[in-house]
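In what follows, a single structure is set out as structure tokens and then discussed.
Proteins come first, then strands; the chains are lettered A, B, ... in the order of their sequence lines, and each starts at number 1.
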Amino acid sequence: MTTTPRTVAEAEAVQDRLRPMVDLVGPGPTTPRTVAGLDVAYAEDGDRLAAAVTVLDATTLAVLDAVVLPGRAAFGYVPGLFAFRELPTLLAALDRLTVAPELLVCDGHGLAHPRRFGLACHLGVLTGLPAIGVGKTPLVGRWEEPGRPRGSWSPLLDGADEVGRVLRTQDGIKPVFVSVGHRMGLDNAVAQVLNLARRYRLPETTREADRLCRTELRRLAALPADPCRPH
DNA sequence: GCGACAG
DNA sequence: ATCTTGTCGC
């Protein structure tokens, strides 16, 4: 089972306990055959959610498998502890996959985190799979604007550590924040994200998962009260 | 002390 | 994350 803390102190303790288990050596797969995208959509109340995992062919980007599950936020939103909200439902969805992913692309940071243990590290350690974090906005670190062309990047520095890279995935488009989650090298992480973001700012894996969980959330909201489980 | 703060 | 209209541009 997953360790679900109830307080900020407990959550930080969990991160500190798991952080040493992150594999920072593995360069990761050069040409994975299957890549998973993970994302969560929240209802207006901020409590109910839908978590989605999609598995794509890393070459053709065809969707090979997809799972979406309803759930509840397992923790309050606290920057730095955000992973605890969606971890349980995401792990449940991962368990139901029929096509095994060789790499996880997470919607959030990995090492680019105050305690070097963001969502991508957490999911990587718990599943044992190589994992990458792709954030849309920064959490920690300083950086300089990368060049305009797709593929340009600049280091994301937290003190003296390069905790990630600010990567331009499309010409002249706002960059994303790439960081290592588990069993990956930073160079490879950037290469994998570029391969997955061929036409849009975000990797196709993330876009597919995002679309799936948002659609499911709307479907759930439009559904009448469940007659099978009355109050 | 003040501001910042993944999704 | 989500709430939201129009608008600028290819």
Side-chain angles (χ1 to χ4, degrees), chain A residues 4-5 8 11-12 14-15 18-19 22 36-54 68-91 93 104-125 131-143 148 150 156-159 161 163-167 169-182 189 193 199-203 205-222:
Chain A
T4 298
V8 166
E12 292 179 342
V14 170
Q15 292 183 330
L18 297 179
R19 181 181 50 207
V22 173
L38 304 87
D39 192 27
V40 170
Y42 292 87
E44 294 181 35
D45 54 51
D47 187 18
R48 287 174 304 154
L49 56 79
V53 181
T54 56
V68 59
L69 289 177
R72 296 225 161 231
F75 201 84
Y77 174 63
V78 181
L81 301 178
F82 143 75
F84 293 101
R85 287 174 74 71
E86 32 190 76
L87 217 40
T89 315
L90 282 175
L91 290 170
L104 303 180
V105 175
C106 310
D107 189 39
H109 302 289
L111 294 178
H113 175 277
R115 284 172 299 283
R116 304 288 184 271
F117 197 75
L119 174 66
C121 299
H122 212 139
L123 280 167
V125 166
I132 297 173
V134 180
K136 296 180 287 294
T137 61
L139 175 59
V140 296
R142 303 182 82 277
W143 71 96
R148 184 180 187 286
R150 161 181 157 88
L156 177 61
L157 302 172
D158 192 13
D161 302 331
V163 296
R165 282 175 188 167
V166 185
L167 175 67
T169 53
Q170 300 297 329
D171 294 357
I173 293 300
K174 181 181 178 184
V176 298
F177 299 77
V178 179
S179 59
V180 166
H182 186 55
V193 171
R199 172 155 189 211
Y200 298 98
R201 179 188 179 222
L202 297 177
T205 36
T206 299
R207 300 185 77 245
E208 287 294 339
D210 179 77
R211 202 174 54 159
L212 181 56
C213 61
R214 297 177 70 149
T215 299
E216 178 64 9
L217 195 62
R218 267 181 272 173
R219 197 182 69 77
L220 290 173

Practice problem: Take the protein atom CG of Asp158(A) and the nucleotide atom P of dC5(B), then report the distance between them rounded to whole Å. | Solution: 14 Å

Practice problem: May I ask you to say what Leu119(A) touches in the nucleic acid, namely base, sugar-phosphate or nothing, with a heavy-atom cut-off under 4.0 Å? | Solution: base

Practice problem: Using a heavy-atom cut-off of under 4.0 Å over every strand shown, decide if Pro138(A) touches base, sugar-phosphate, or nothing. | Solution: sugar-phosphate

Quiz prompt | Whole-Å distance separating the CD atom of Gln170(A) from the C1' atom of dG9(C) | solution = 17 Å

Practice problem: Please state how far atom CG in Leu202(A) lies from atom P in dA1(C), giving the value in whole angstrom units. | Solution: 9 Å

Self-check item: Residue-phosphate contact under 4.0 Å: Lys136(A) side-chain N/O, dA6(B) OP1/OP2
Solution: no

Quiz item: Closer than 4.0 Å, any side-chain N/O of Thr137(A) to the OP1 or OP2 of dG7(B)?
Solution: yes

Quiz item: With a non-hydrogen cut-off below 4.0 angstrom, is Gly118(A) in contact with a base, only sugar-phosphate, or nothing?
Solution: base

Quiz item: Going through the distances and angles, do Arg148(A) and Asp171(A) end up as a side-chain contact (heavy atoms from CB on, under 4.5 Å)?
Solution: CA-CA 6 Å; Arg148(A) 184 180 187 286; Asp171(A) 294 357; 3.7 Å; yes

Quiz item: Which part of the nucleic acid does Gly80(A) contact within heavy-atom distance under 4.0 Å: base, sugar-phosphate only, or nothing?
Solution: base

Quiz prompt | Heavy-atom closest contact (Thr89(A) atom, Ala51(A) atom, distance) | solution = CG2-CB, 3.5 Å

Exercise. Can you tell me the distance, in whole Å, between the CG atom of Leu156(A) and the C1' atom of dA6(B)?
Key: 12 Å

Practice problem: Just call it for Leu217(A): base, sugar-phosphate, or nothing, with non-hydrogen atoms closer than 4.0 Å on any strand. | Solution: nothing

Quiz item: Within this structure, what is the CZ-to-P distance between Arg214(A) and dC3(C), rounded to whole angstrom?
Solution: 8 Å

Quiz item: Ring stacking, Phe177(A) with base of dA6(B), under 5.5 Å and under 30°?
Solution: no

Practice problem: Using modelled atom types only, decide if a donor and an acceptor are shared between the side chain of Asp45(A) and the backbone of Asp47(A) within a distance under 3.5 Å. | Solution: yes

Quiz item: Is the distance from OP1 or OP2 of dA6(B) to the nearest side-chain N or O of Tyr77(A) less than 4.0 Å?
Solution: yes

Self-check item: Atom pair distance, as rounded to whole Å: CD in Glu216(A) and P in dA1(C)
Solution: 18 Å

Quiz prompt | Rounded distance in Å - CZ (Arg218(A)) to P (dA1(C)) | solution = 14 Å

Quiz item: Near Arg115(A) CZ, under 6.0 Å, is it more than 12 heavy atoms from other residues, nucleotides or ligands?
Solution: yes

Quiz item: For the side chain of Arg201(A) and the backbone of Lys174(A), is there at least one donor-acceptor N/O pair under 3.5 Å apart?
Solution: yes

Quiz item: Between Leu139(A) (CG) and dA1(C) (C1'), how many Å, whole number?
Solution: 15 Å

Self-check item: Which nucleotide in dA6(B), dG7(B), dT2(C) has an atom nearest any side-chain atom of Ala41(A)
Solution: dT2(C)

